S.K.: 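Input: one structure, supplied below.
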Amino acid sequence: MNESKKKSLPKEVEQLLRGVEKVVEESEFLEKLKLGRPLKVKLGVDPTSPDIHLGHTLGLTKLRQFQDFGHQAVLIIGDFTAMIGDPSGRSVTRPQLTHDQVMQHAATYRDQAMKILDPEKTIIRFNGEWFELMSFEDVIKLNSRVTLQQMLQREDFSLRLAKGHPIRAHEIQYPIMQGWDSVMIRADVELGGTDQLFNIMVGRNLQKEEGQPRQVGIFLPILEGTDGIQKMSKSLNNYIGVTEPPGEMFGKLMNISDSLMLRYYDLLLQESPPADTHPMVAKKELARRITARFHSQADAARALEEFERRFSARDLEAVSLPEFSLSEDSASDVVSIVCAAYARCFNINKSKSEVRRLLAQGSVRINGEKLSDPLAKPELPNGIVLRLDKTRAVRILRPS
RNA sequence: GGGUAGGUACCGAAGCGGCCAAACGGGGCGGACUGUAAAUCCGCUGGCUUAUGCCUUCAGUGGUUCGAAUCCACUCCUGCCCA
């Protein structure tokens, strides 16, 4: 190791461990860094859904940091593990996906991950590469190294056990497979959320048995979803996707609670919110910066401006809205119009009963006036704004 | 394979022949108040060309009954105990 490298090491360690919740084992990590070669840093992702959200970005951002220090990032796309679904933190068996579905997700997933990682310096491996080749005999051998008790100690399983909920045999394969990935790529470091503790430890054990140096587990905090309580996840619908349009991303961020905002500052920006600032102002800043990260400064500035006009000044007229064209002949009632607007402009299927409820409760408005009569056939001149609910409105377009 | 307890709406959970589209809680949604925050309050939460109306739902299929989520038979699924 040369002199300059030696000097920069403390800084490197400090940065790489910033925002990290736990390291197993820190001393081993320091030893590995002193080896003076690029470390193989593994991050596994399961393409169980086509989108990645802010929760995933914690791991990706950390991986990027490793890349920037010259380490080798290995992104494992768990095409085989995704078919099982990680049982971590789950109280029910995940629905099983076909390999085709998984591969479709994987493609979009990779693109999104590369928004954060350096594509030139990232090795991408699919774990199907090795699992596909294993015989049943190999699988049995692999399984013989782990005891059922170890598996069942995990909270998610023991809870299900206690509650009498089923645990299917394939689910306990998951940690074994994830661990085997580490063996196959000879990982030096594996990144993961704190909920990955068990899975990553299995990797360590398997590596040891294979005579490899054990990987170091670096555990990142779990990002709460927009509800502020549960882990951000697609299935709980409390996520902010990295490909969401700027306006939506900004809006979702503005909708979080103040206490969650502190958390997001901490985890996503790795800093504290500005002192002596109104929470709302701080939140706008958070929303702006995160939006800028996944879009552009200009997009973020526009999102902020639109937000202020729309929600602070309550000026729907001046804001860009989806356009809903109404054909001349259709003298439809409000219910059908609103229903169609939801469907065409927002891809949301609302039943007519549901729309009637919204009407009755005063959600639908024109010029701030509530339209509560479902049978009404209101005047809807060209260009007028039809408010559907708190966050959605359309501009009516009539062919002239 | 034997025994036993179960399978109810997004989730948990009542109901155990008519008053059941199904209590209650959670979640979600809408409204009021706000900072698209929190807290609070009110309302909604199967569908339908608003109808003291009709249709589809209580694992599935058949049956008993004027009438079934509720009773019977078989099937499928799950937990627990035994093998």
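Lettering follows sequence order; numbering is per chain, from 1. Small disclaimer: the values here were computed from a predicted structure and weren't measured.
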S.K.: Quick check for you: among B:U36, B:G31, B:G35, whose closest atom lies nearest to any side-chain atom of A:Arg365?
M.R.: B:G31
S.K.: Provide the distance between the two C1' atoms, one in B:U70 and one in B:G17, to the nearest whole Å.
M.R.: 6 Å
S.K.: Taking only N and O in the side chain of A:Lys370, is any of them less than 4.0 Å away from OP1 or OP2 of B:A32?
M.R.: yes
S.K.: Does B:G25 have a Watson-Crick or wobble partner in any strand here, with both distances under 3.5 angstrom, and which is it?
M.R.: B:C11
S.K.: Round to a whole Å and report the spacing from CZ of A:Arg309 to C1' of B:U36.
M.R.: 17 Å
S.K.: Given atom NZ of A:Lys163 and atom P of B:C80, what is their separation to the nearest angstrom?
M.R.: 15 Å
S.K.: Can you tell me if the side-chain N/O atoms of A:Thr391 get under 4.0 Å from OP1 or OP2 in B:U36?
M.R.: no
S.K.: What is the pairing partner of B:G1, taking Watson-Crick or G-U wobble pairs with both distances under 3.5 Å in any strand?
M.R.: B:C82
S.K.: Which whole number of Å gives the distance between the P atom of B:C41 and that of B:A22?
M.R.: 26 Å
S.K.: So which nucleotide from B:G35, B:U78, B:U45 ends up closest to the side chain of A:Arg357?
M.R.: B:U45
S.K.: With a 4.0 Å cutoff (strictly under), does any side-chain N or O of A:Arg356 reach OP1 or OP2 of B:U45?
M.R.: no
S.K.: I'd like the P distance from B:G47 over to B:U34, given in whole Å.
M.R.: 33 Å
S.K.: Output the single nucleotide from B:U36, B:G43, B:A37 whose closest atom is nearest the side chain of A:Lys283.
M.R.: B:A37
S.K.: Would you measure the distance from the P atom in B:U8 across to the matching atom in B:C29 and give it in whole Å?
M.R.: 25 Å
S.K.: Counting Watson-Crick and G-U wobble pairs only, both distances under 3.5 Å, name the nucleotide matched with B:U40, or none.
M.R.: B:A32
S.K.: Nearest nucleotide by nearest heavy atom, which residue falls closer to the 5' end of RNA chain B, A:Met261 or A:Glu354?
M.R.: A:Met261
S.K.: Counting only side-chain heavy atoms from C-beta out, which of B:U49, B:G47, B:U36 sits nearest to A:Lys352?
M.R.: B:U49
S.K.: Heavy-atom distance under 4.5 Å between the side chains of A:Gln178 and A:Lys42, does that happen here?
M.R.: yes
S.K.: Classify A:Gly251 by what it touches in the nucleic acid, base, sugar-phosphate, or nothing, heavy-atom distance under 4.0 Å.
M.R.: base
S.K.: Starting at atom CD of A:Gln361, determine the distance to atom P of B:C29, rounded to an integer number of angstrom.
M.R.: 13 Å
S.K.: Contact class for A:Ile256 vs. all strands (heavy atom < 4.0 Å): base, sugar-phosphate, or nothing?
M.R.: sugar-phosphate
S.K.: In this structure, how many angstroms lie between the P atom of B:A38 and the OH atom of A:Tyr264, rounded?
M.R.: 13 Å
S.K.: What is the separation between atom NZ on A:Lys390 and atom P on B:C29, rounded to the nearest whole Å?
M.R.: 7 Å
S.K.: Look at all strands and tell whether A:Pro166 reaches a base, only sugar-phosphate, or nothing, counting heavy atoms closer than 4.0 Å.
M.R.: sugar-phosphate
S.K.: Could you check how far OH of A:Tyr342 sits from C1' of B:C29, rounded to whole Å?
M.R.: 9 Å
S.K.: Ignoring hydrogens and geometry beyond distance, is a side-chain donor-acceptor pair present between A:Asn143 and A:Gln173 at under 3.5 Å?
M.R.: yes
S.K.: With a 4.5 Å limit on heavy-atom distance, are the side chains of A:Gln104 and A:Gln101 in contact?
M.R.: no
S.K.: Taking side-chain contact (heavy atoms from CB on, under 4.5 Å) as the test, write out the residues that go with A:Thr147, two or more places apart.
M.R.: A:Gln149, A:Gln150
S.K.: Identify the residue among A:Arg288, A:Arg302, A:Lys284, A:Arg314 that makes a salt bridge (charged side-chain N to carboxylate O under 4.0 Å, His left out) with A:Glu308.
M.R.: A:Lys284
S.K.: Report yes or no: is there a donor-acceptor pair, N or O only, under 3.5 Å between the side chain of A:Asp258 and the base of B:G35?
M.R.: yes
S.K.: Does any part of the side chain of A:Arg387, heavy atoms only, come nearer than 4.5 Å to the side chain of A:Val338, both counted from C-beta?
M.R.: no
S.K.: Watson-Crick or G-U wobble partner for B:G17, using a 3.5 Å limit on both distances?
M.R.: none
S.K.: Can you tell me the Watson-Crick or wobble partner of B:C74, both distances under 3.5 angstrom?
M.R.: B:G60
S.K.: For atom C1', what is the distance between B:U40 and B:G46, given to the nearest Å?
M.R.: 31 Å
S.K.: Considering only atom C1', compute the distance from B:C81 to B:C11 and round it to an integer number of Å.
M.R.: 29 Å
S.K.: To the side chain of A:Ser353, which of B:G35, B:G30, B:G47 is closest?
M.R.: B:G47
S.K.: Rounding to an integer number of Å, can you tell me how far A:Ile167 CD1 sits from B:C80 C1'?
M.R.: 14 Å
S.K.: Phosphate oxygens OP1/OP2 of B:U78: is one of them under 4.0 Å from a side-chain N or O of A:Arg168?
M.R.: yes
S.K.: Looking only at the side chain of A:Ser351 (C-beta and beyond, no hydrogens), which of the listed nucleotides B:U78, B:G47, B:U36 gets closest?
M.R.: B:G47
S.K.: Take atom C1' in B:G60 and the same atom in B:G7, then report the distance between them in whole Å.
M.R.: 11 Å
S.K.: Looking only at the side chain of A:Ser257 (C-beta and beyond, no hydrogens), which of the listed nucleotides B:A38, B:G30, B:G35 gets closest?
M.R.: B:A38
S.K.: Considering only NZ, NE, NH1 and NH2 on the basic side and carboxylate oxygens on the acidic side, decide whether A:Glu306 and A:Arg310 come within less than 4.0 Å.
M.R.: no
S.K.: Could A:Lys252 and A:Tyr239 be counted as a cation-pi pair, given that NZ or CZ must be under 6.0 Å from the ring centre and within 45° of the axis?
M.R.: yes
S.K.: In whole Å, what is the span from the CG atom of A:Leu286 to the P atom of B:U36?
M.R.: 16 Å
S.K.: Can you tell me how far C1' in B:G67 sits from the matching atom in B:U75, rounded to whole Å?
M.R.: 26 Å
